[in-house]
Amino acid sequence: METYKPQKIEKKWQRIWEIQGVYRAKDLSKKPKSYILVEFPYPSGEGLHVGHCRPYIALDIVARKRRMEGFNVLFPMGWDAFGLPTENYAIKTRIHPRIVTKKNTALFKRQQKNIGLSFDWSREINTTDPAYYKWTQWIFLQLFKKGLAYKAKMPINWCPSCKIGLANEEVVDGSCERCGERVTKKEKEQWMLKITKYAERLIQDLDRVDYPERVKVLQKDWIGKSEGAEIEFRIQNSEFRIPVFTTRADTLFGATYLVLAPEHPEIENFKPHITNYKFVKKYIEEAKKKTERERISEMKEKMGVEIKGIKAINPVNNREIPIFVADYVLIHYGTGGIMAVPAHDQRDFDFAKLHNLPILEVIKPQNNAEGRLRQSASQRGSLYNGTPYGRAYEGEGILINSGRFNGMKSEIAKERIVAWLAKKGLAKKAVNYKLRDWIFSRQRYWGEPIPMIQCERCGWQPVPEKDLPVKLPSVKKYQPTQTGESPLAAVERWINTKCPKCSSLAKRETDVMPNWAGSNWYYLRYCDPKNEKRLADPKLLRYWMPVNWYNGGMEHATLHLLYSRFIYKFLWDIKAVPKSLGPEPYKKRTSHGTVLGEKGIKMSKSRGNVINPDQVIKEYGTDTLRVYEMFMGPFEQTISWDTKGVKGAKRFLERVWKLTGKFLVTQKPKGSSYLKKLLHKTMKKVSEDIESLKFNTALSSLMEFCNAWQTNKEGGLGKKDFKDFLKIFSPFAPHLTEEIWSQLGFKSSIHNQKWPKHDPKLVKEGIVTFIIQVNGRVREKIEAEIGISKREFKKLALAQENIKKWIERKNLKKTIFVPGKLINFVI
RNA sequence: GCCGCGGUGGCGGAAUUGGUUUACGCGUACGACUCAAAAUCGUAUGACCGAAAGGUUGUGUGGGUUCGACUCCCACCCGCGGCACCA
């Protein structure tokens with residue numbers, strides 16, 4: 001056998017696999033299906049680095065195992081190619097983004113092929129392909145028709161110096177990424193998607209899927225459900241009522257003022273009664289100018305002004321309380337106004353202190369909680385600074401100063417107070433979500449045009465479905481305009497069109513969709529990538545969907561993953577996706593850790609520490625790259641690259657190669673029974689570890705096996721065992737194992753073989769090392785058959801010289817025996 | 001501030017229905033092969049005491065439960081990630 005020359009072998013097999021279509025997914029085959037999905041990349045000009053490869057390799061291993069287990073596997077790849085970097089590159093170079101995208105996808109594809117990934121390339125998709133985005137636009141039209149897409153005035157990030165609208169990711173620490181100028185707000189009409197309508201289902205259906213717990217928690221926190229009540233405060237001497245949302249109706253007696261958000265629409269209605277209107281107005285105008293970030297940065301100072309001339313009535317005790325306007329209250333949450341309970345909410349407490357407002361304690365902490373609070377307050381030296389603890393007590397407890405509710409527990413009082421006020425029509429139970437509707441417009445060029453037409457007579461009209469796709473027109477300049485409009489706004493012949501309803505002159509929407517639009521539904525398209533009549537054939541969707549295993553970055557846990565679940569649910573609701581599939585697109589979700597550069601420094605072009613897989617492959621070979629990427633550490637954890645470790649992986653492959661050489665010369669039909677048993681243990685471990693993403697320990701057990709094989713003196717490995725070894729190793733090192741497989745004389749690919757199953761009997765047998773402890777300390781180790789009984793082993797153990805020494809003339813109180821593991825003598 | 005994750009040799013890490021701490025790999029040292037080096041193969045490798053046998057100690061810190069704790073409980077320290085005026 002020649003020496004191991006990975007580069008030669010790898011290129012050869014990659015070609016053969018492609019020609020033979022080894023990894024083709026077969027539509028509607030009789031075999032059970034398995035849909036394995038990795039997030040498709042944004043093809044940037046820099047190409048892949050070794051961190052991007054890791055999830056591809058991991059799921060490639062899973063896909064290969066599934067095929068060998070008899071599944072018809074769909075493991076596709078495509079390009080999420082609309083986006084800012086390409087557009088910015090176009091602005092700089094004036095090269096059309098389409099050309100840049102073409103170049104970049106070619107680069108990515110070449111790199112991915114180099115890694116020996118078993119993608120079915122016949123299903124490749126690209127979000128910038130009009131044949132694809134036709135359906136992205138179609139989905140938007142359906143949303144519009146169902147009332148889930150609407151226009152609203154929303155602030156965009158605006159750089160006053162560049163005179164340009166910025167995407168969130170272009171705003172760094174509140175400043176423009178390119179010029180450093182402070183970003184301000186600019187109001188603009190934008191398309192919004194009503195994701196909030198799905199908030200409850202997006203939470204509930206998490207129970208149906210197998211996601212990591214932390215991902216579920218992240219999504220739930222992001223949606224931010226909170227249950228409470230809406231309580232109405234009447235305005236003195238008027239018909240007006242101001243509703244507020246609270247989760248703490250039990251503190252209502254302590255509500256000593258109301259606060260409204262500066263944008264609160266009712267304020268204008270009170271204008272005739274307000275005695276300091278000018279002053280209030282000035283405050284509101286200033287607050288509106290501030291960005292959200294600025295408001296937060298001034299968090300410590302809770303500024304605000306009283307609206308003089310009007311008072312609110314606290315419904316529980318009919319006390320008159322003042323009304324303030326302050327920007328620590330947000331317009332988009334709840335009702336845009338709050339009841340302030342300074343004794344039991346730290347923000348209200350801070351505000352009350354600043355404005356010298358009364359602080360009324362209505363909840364007493366229970367038992368030891370009070371003592372602890374007093375203690376920590378006295379340590380801070382802030383006792384009796386408005387409350388007994390010098391700050392707000394935000395926990396629950398027993399009601400005081402609350403009239404007929406005194407002595408009641410918070411938990412019960414919440415219900416009772418709301419029920420009592422409800423009878424008078426002043427309260428009702430309410431639920432609020434932090435989740436906000438999704439701003440779906442971008443004032444940019446390189447995205448899907450929003451297929452809407454504005455007619456002066458008929459208003460916003462959807463482009464008729466037969467006219468889809470609305471293609472992006474060619475433009476000369478890609479810069480956003482100085483008014484904040486999309487660059488498309490300058491393309492006269494494209495904008496001007498006819499109203500689909502009344503045929504009079506009308507104008508197209510010039511905004512485009514955000515990056516997420518194309519990735520919302522791409523996994524559906526892989527099932528039927530070339531369909532011109534519909535998004536995908538229901539027959540094929542029924543066969544392939546749902547996705548069995550979806551891996552992607554943790555950074556998408558709240559955005560892409562939530563958005564795409566929402567869109568799927570919508571498509572399911574309107575039956576664009578067959579009802580029989582259920583309301584969730586992904587059965588199982590996993591996330592990979594980031595790969596850092598050497599010494600734990602983040603890989604970046606500017607630091608010059610980016611490791612390109614092509615270089616690694618050139619120097620060590622693809623299989624080495626694959627084995628190292630999987631062996632370097634736990635898949636889900638952040639980990640840094642170590643070139644020395646790559647060498648270790650190469651050494652391992654070389655060892656396998658050499659052992660094979662020896663095997664081919666001296667092969668015997670029957671080998672060592674010890675190695676057979678060890679192999680079956682390894683088979684079990686590798687099978688299980690791949691399922692739970694523990695590729696590192698799967699490989700370490702394969703290495704252990706090879707170490708035992710190498711030092712084995714009693715006949716080496718039998719032929720069948722050798723074949724089984726190759727099979728369980730093949731997903732990790734597909735080229736090396738395929739080469740050896742063919743050298744064994746087989747014509748059919750190893751990747752089409754059956755995944756070997758371990759024999760449970762063989763796994764259970766064998767000699768293991770037992771521990772002998774005295775009082776829990778290890779004193780001796782001896783070998784024994786794994787199934788040995790307590791009595792027998794005790795005899796054996798007590799006969800050990802080393803143990804006699806410890807036990808003699810002592811009182812043996814107790815003997816603990818753990819089968820297959822240890823014995824412990826308690827003296 | 002809140003939520004989540006983590007803390008084990010010189011390094012990446014392994015081990016959790018409580019049962020050998022440091023598997024596997026890297027590094028290092030020594031030896032073999034070689035004119036030599038690299039590669040490869042072999043041996044050793046937590047710390048401390050000891051010539052050795054052996055012993056003591058050891059999984060962020062301090063307590064607890066247990067025959068036995070990296071694993072369980074309580075209190076705390078540190079690091080990372082996310083959210084952050086959401087009433």
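- Residues A:E200 and A:Y433 have side chains that bring a donor and an acceptor to within less than 3.5 angstrom of each other.
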Return the polar atom pairs (N/O with N/O) between nucleotides 62-73 of chain B and the protein under 3.5 Å, or none.
{"unit_1": "B:C67", "atom_1": "O2", "unit_2": "A:N824", "atom_2": "ND2", "d": "2.2"}

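- Whole-Å rounding puts the A:W222 CH2 to B:C83 C1' distance at 8 Å.
- Residue contacts for A:K813: at a heavy-atom cut-off of 4.0 Å it reaches no nucleic acid atom on any strand shown.
- Judged by distance alone, with hydrogens and angles left aside, A:K647 brings no side-chain donor or acceptor close enough to the base of B:C26 to form a pair under 3.5 Å.
- In this entry the distance linking CD of A:E555 with P of B:C80 reads 19 Å, nearest Å.
- At a non-hydrogen distance threshold of 4.0 Å, A:N696, A:T697, A:S700, A:M703, A:E704, A:N707 from residues 696-707 of chain A come into contact with RNA chain B.
- Under the 4.5 Å side-chain criterion, counting only non-hydrogen atoms from C-beta, A:R241 is in contact with A:E232.
- A cation-pi arrangement is present between A:K302 and A:Y328 under the rule of less than 6.0 angstrom and at most 45 degrees off the ring axis.
- Using a 4.0 Å heavy-atom criterion, one finds that A:K434 contacts the bases of the nucleic acid, with or without backbone contacts as well.
- Sorted by first and then second residue, the side chain to side chain donor-acceptor pair (under 3.5 Å) pairs involving residues 630-653 of chain A (not counting sequence neighbours) are A:E598-A:T643.
- Between A:I284 and the options A:V325, A:L260, A:D327, A:V305, a side chain to side chain contact (heavy atoms under 4.5 Å, CB included) holds for only A:V325.
- Where A:D221 and A:M554 each meet RNA chain B at their nearest nucleotide, the meeting point lying more 5' is that of A:D221.
- A side-chain donor from one of A:H332 and A:R436 sits under 3.5 Å from a side-chain acceptor of the other.
- Looking at A:I331 and A:P265, their side chains come closer than 4.5 Å, going by heavy atoms from C-beta outward.
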